[in-house]
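This report concerns only the one structure given below.
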Amino acid sequence: QVRLVESGGDLVQAGGSLRLSCAASGSIFSIDNMNWYRQAPGKQRELVATITRGGNTNYADSVKGRFTISRDNAKNMVYLQMNSLKPEDTAVYYCKFRATTSINWSLWNDYWGQGTQVTVSS
């Protein structure tokens, strides 16, 4: 089984910074894209950032220039550096990996973490 655990969420004032981490454990064979999503109360979950296995990145317009996604392939981890935080960034942040396992190395599945709360006060 594959398990993803996020950390780093906190309460921060507007203009502040946070760094989220997501670690994968279990019988991982290979990881393709890694993503960060977020879901604010009463809203749909939205894609925030993507990083490919080769290191290419893509961001939602709302976070471009403020957030940076990075990954450590050796550690099966993904990070989200969030700067210049705004109250509208308040949400539960989730990581998602597209990965195969050593049990079935040819079958790609999406794995989600349980989420970490980010609250930005004005």
Side-chain angles (χ1 to χ4, degrees):
Q1 272 291 14
V2 175
R3 183 170 178 239
L4 272 58
V5 178
E6 300 99 336
S7 60
D10 206 344
L11 170 63
V12 64
Q13 287 190 334
S17 298
L18 284 174
R19 186 185 192 224
L20 304 183
S21 300
C22 175
S25 61
S27 54
I28 295 173
F29 182 78
S30 180
I31 300 175
D32 193 4
N33 286 1
M34 296 178 170
N35 310 99
W36 284 98
Y37 286 75
R38 67 185 180 187
Q39 187 166 20
K43 294 188 177 182
Q44 288 189 331
R45 190 173 296 188
E46 64 171 343
L47 177 62
V48 174
T50 298
I51 185 165
T52 68
R53 183 160 41 187
N56 293 319
T57 59
N58 196 26
Y59 299 92
D61 288 342
S62 59
V63 307
K64 278 182 183 176
R66 301 188 297 122
F67 290 10
T68 302
I69 188 171
S70 60
R71 64 190 282 170
D72 185 332
N73 291 327
K75 295 181 179 180
N76 291 335
M77 292 191 69
V78 65
Y79 307 95
L80 187 67
Q81 178 66 44
M82 305 186 295
N83 298 329
S84 302
L85 283 162
K86 305 175 181 179
E88 51 264 43
D89 294 318
T90 296
V92 177
Y93 284 71
Y94 300 88
C95 61
K96 188 189 81 171
F97 289 5
R98 185 159 179 80
T100 64
T101 68
S102 56
I103 297 172
N104 190 339
W105 55 266
S106 64
L107 179 62
W108 292 93
N109 282 311
D110 290 330
Y111 298 93
W112 291 85
Q114 83 291 346
T116 186
Q117 177 70 47
V118 172
T119 303
V120 184
S121 62
S122 57

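Without hydrogens or angle criteria, T116 side chain to G9 main chain gives a donor-acceptor distance under 3.5 Å. Using modelled atom types, no side-chain atom of D10 and backbone atom of V12 make a donor-acceptor pair closer than 3.5 Å. At least one donor-acceptor pair closer than 3.5 Å links the side chain of E6 to the backbone N or O of Q114. Side-chain N or O atoms of T52 include none that pairs as donor or acceptor with a backbone N or O of N33 at under 3.5 Å.
One distance of note links CD1 of I28 with CD of Q1; it measures 11.0 Å at 0.5 Å rounding. Atom-to-atom distance recorded for T68:OG1 and I51:CD1 is 10.0 Å, nearest 0.5 angstrom. For the atom pair F97 CZ and D32 CG, the distance stands at 11.5 Å (nearest 0.5 Å). Atoms OG1 and CZ, from T101 and F29 in turn, are 9.5 Å apart once rounded to the nearest 0.5 Å.
At a threshold of 4.5 Å between non-hydrogen side-chain atoms, the residues M77 and S21 count as touching. Looking only at side-chain heavy atoms (C-beta outward), L18 and L85 come within less than 4.5 Å of each other. Counting heavy atoms from C-beta outward, K96 and M34 have side chains that stay 4.5 Å or more apart. Counting only heavy atoms from C-beta outward, the side chains of Q81 and F67 never approach each other to under 4.5 Å. With a 4.5 Å cut-off on side-chain heavy atoms, N76 and I31 count as touching. Proximity of Y37 to E46: side-chain heavy atoms (C-beta onward) are nowhere separated by under 4.5 Å. The shortest distance between side-chain heavy atoms of V78 and W36 falls below 4.5 Å.
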Mind listing the side-chain donor-acceptor pairs of residues 56-66 below 3.5 Å, one per line with the distance, residues two or more places apart or on another chain?
unit_1, atom_1, unit_2, atom_2, d
Y59, OH, I69, N, 2.9
D61, OD1, K64, NZ, 3.2
S62, OG, R38, NH2, 3.3
R66, NH1, S84, O, 3.0
R66, NH1, D89, OD2, 2.7
R66, NH2, S62, O, 2.8
R66, NH2, D89, OD1, 3.0
R66, NH2, D89, OD2, 3.4

Could you list the donor-acceptor pairs under 3.5 angstrom formed between side-chain atoms of residues 105-113 and any protein atom two or more places apart in sequence or on another chain?
unit_1, atom_1, unit_2, atom_2, d
S106, OG, N104, OD1, 3.0
D110, OD1, R98, NH1, 3.2

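In this structure, R53 places its CZ atom where more than 12 heavy-atom neighbours from other residues, nucleotides or ligands lie under 6.0 Å away.
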Applying side chain to side chain contact (heavy atoms under 4.5 Å, CB included) to Q117 and Y93, what does each step give before you reach the verdict?
CA-CA 6 Å; Q117 177 70 47; Y93 284 71; over 6 Å; no
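Residue A14 comes nearest to S122 through the heavy atom pair CB-CA, 4.4 Å, listed as atom of the first residue, atom of the second, then distance.
Partners of S70 by side chain to side chain contact (heavy atoms under 4.5 Å, CB included), not counting sequence neighbours, listed by chain and number: Y79.
Of the residues L11, L80, L20, V92, the one that meets the side-chain contact (heavy atoms from CB on, under 4.5 Å) test with V118 is L20.
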